[in-house]
Amino acid sequence: MLVGDEPFDWLSPEQPDLVSSLSPVALPPAAATAGPASGGVAMPGTIAELLEWRTGSAAPEAGWGVPLVPATGPMDADIMILIDCPERDSADSLLGGAAGRLFDRMLAAIGRSRDDVHLASLCAARPAAGRLPREMESQLAEIARHHVALAAPKRLLVMGDAASRAILSANVMQARGRLHALNHKKDSQSEVVASFHPRMLLERPVLKAEAWKDLQMLMGGLK
């Protein structure tokens with residue numbers, strides 16, 4: 001929508017083509033992403049620098065007064081997994097407690113472990129309410145997308161609605177059942193699979209059969 005202070009006759013045939021007269025906007029490269037969502041602070045341009053920045057004093061959650069939990073696993077893993085935040089019963093690690101034990105069994109079922117996947121979270125600490133603060137959702141989503149672009153995994157598994165919305169702009173139930181292409185600015189692409197968070201599978205065990213289908217899709221075509 002174009003807005004101006006002066007009256008404008010939108011029906012006049014003499015007006016130029018507004019679309020063709022607009023100059024293309026050059027997006028900033030991934031190495032210097034900055035804007036309102038990221039707090040106007042340029043995020044690091046390498047995966048190693050980002051992981052250090054993510055748990056430092058500049059992180060959005062740094063003022064919460066709780067330990068910030070880093071991502072784990074190889075930075076160049078072919079599979080990256082994104083969740084929402086640490087668990088209530090294990091706030092000092094990603095996917096601890098009962099949800100973590102189920103997660104480990106899910107990885108083992110596809111011949112993987114935490115040692116060979118890159119596990120990260122939207123929020124580096126568990127929010128007091130147990131869910132992402134609404135006012136921080138866009139900021140954390142931008143950081144997560146930058147993280148994925150730098151890691152550039154072959155496959156990305158987003159577990160839970162918060163992670164799915166951040167990457168695919170859709171809830172898990174809307175996004176499941178197909179591979180989503182995620183293009184990166186450095187001429188690479190990741191394929192995204194959406195599935196349920198292990199926390200949900202503990203609450204609704206009937207969904208485990210559907211989660212198994214998602215895991216099979218995640219592994220399809222990978223060595």
> With distance as the sole test, does Ser190 use its side chain to make a donor-acceptor pair with the main-chain N or O of Pro153 at under 3.5 Å?
Replying inline: yes
> When you measure from the side chain of Arg155 to the backbone N and O of Leu218, does any donor-acceptor pair fall under 3.5 Å?
Replying inline: yes
> From Leu51 CG over to Thr55 OG1, what is the distance, rounded to the nearest 0.5 angstrom?
Replying inline: 8.0 Å
>> Using a 6.0 Å cut-off, check whether atom CD of Gln189 has over 12 heavy atoms from anything other than its own residue.
In response: yes
>> Check whether Arg54 reaches the backbone of Ile143 with its side chain - one donor and one acceptor, N or O, closer than 3.5 Å.
In response: no
> Rounded to the nearest 0.5 Å, what separation is found between the CZ atom of Arg114 and the CZ atom of Phe103?
Replying inline: 5.5 Å
>> Measuring from atom CD of Gln216 to atom CD1 of Ile110, what distance do you get when rounded to the nearest 0.5 angstrom?
In response: 10.0 Å
> Taking atom CG of Leu119 and atom CD1 of Ile79, what is their separation to the nearest 0.5 Å?
Replying inline: 12.0 Å
> Are any non-hydrogen side-chain atoms of Val66 and Arg126 less than 4.5 angstrom apart?
Replying inline: no
> Quick one: do Leu68 and Met136 end up in the same hydrophobic cluster if we chain Ile, Leu, Val, Met, Phe, Trp and Tyr together by side-chain heavy atoms under 4.5 Å apart?
Replying inline: no
> From Leu201 CG over to Phe196 CZ, what is the distance, rounded to the nearest 0.5 angstrom?
Replying inline: 7.5 Å
>> Under the side chain to side chain contact (heavy atoms under 4.5 Å, CB included) test against His147, which residue among Glu142, Met80, Met43 passes?
In response: Met80
> With distance as the sole test, does Asp116 use its side chain to make a donor-acceptor pair with the main-chain N or O of Ser113 at under 3.5 Å?
Replying inline: yes
> Does any non-hydrogen side-chain atom of Leu82 lie less than 4.5 Å from one of Leu157?
Replying inline: no
>> Just to verify, what does Lys213 make a side chain to side chain donor-acceptor pair (under 3.5 Å) with, not counting sequence neighbours?
In response: Glu210
> Looking at side-chain heavy atoms only, is the closest gap between Pro127 and Cys85 below 4.5 Å?
Replying inline: yes
> Of all residues at least two apart in sequence or in a different chain, which pass the salt bridge (Lys or Arg N to Asp or Glu O under 4.0 Å) check with Asp161?
Replying inline: none
> Taking 4.0 angstrom as the limit, do Asp76 and Lys154 come out as a salt bridge?
Replying inline: no
>> For the CG atom of Leu156 and the CG atom of Leu179, what is their distance to the nearest 0.5 Å?
In response: 11.0 Å
> Minimum heavy-atom separation for Leu94 to Pro86, with atom names?
Replying inline: CD2-CG, 4.0 Å
> Name the one of Met159, Lys208, Arg112 that satisfies side chain to side chain contact (heavy atoms under 4.5 Å, CB included) with Met106?
Replying inline: Met159
> What are the two closest heavy atoms between Trp53 and Ala58, and how far apart are they?
Replying inline: NE1-CB, 3.5 Å
>> To check you understand the geometry: which heavy-atom pair defines the closest contact between Glu61 and Cys123, and what is its length?
In response: OE2-CA, 3.5 Å
>> For the backbone of Ala166 and the side chain of Arg145, can you confirm whether one donor and one acceptor N or O come within less than 3.5 Å of each other?
In response: yes
> Between Ser164 and Ala170, is there a donor-acceptor pair closer than 3.5 Å when you use the side chain of the first and the backbone of the second?
Replying inline: yes
> Do side-chain atoms of Arg165 reach the backbone of Glu137 as a donor and acceptor pair under 3.5 angstrom?
Replying inline: no
> Do any N or O atoms from the side chain of His180 and from the backbone of Leu168 form a donor-acceptor pair under 3.5 angstrom?
Replying inline: no
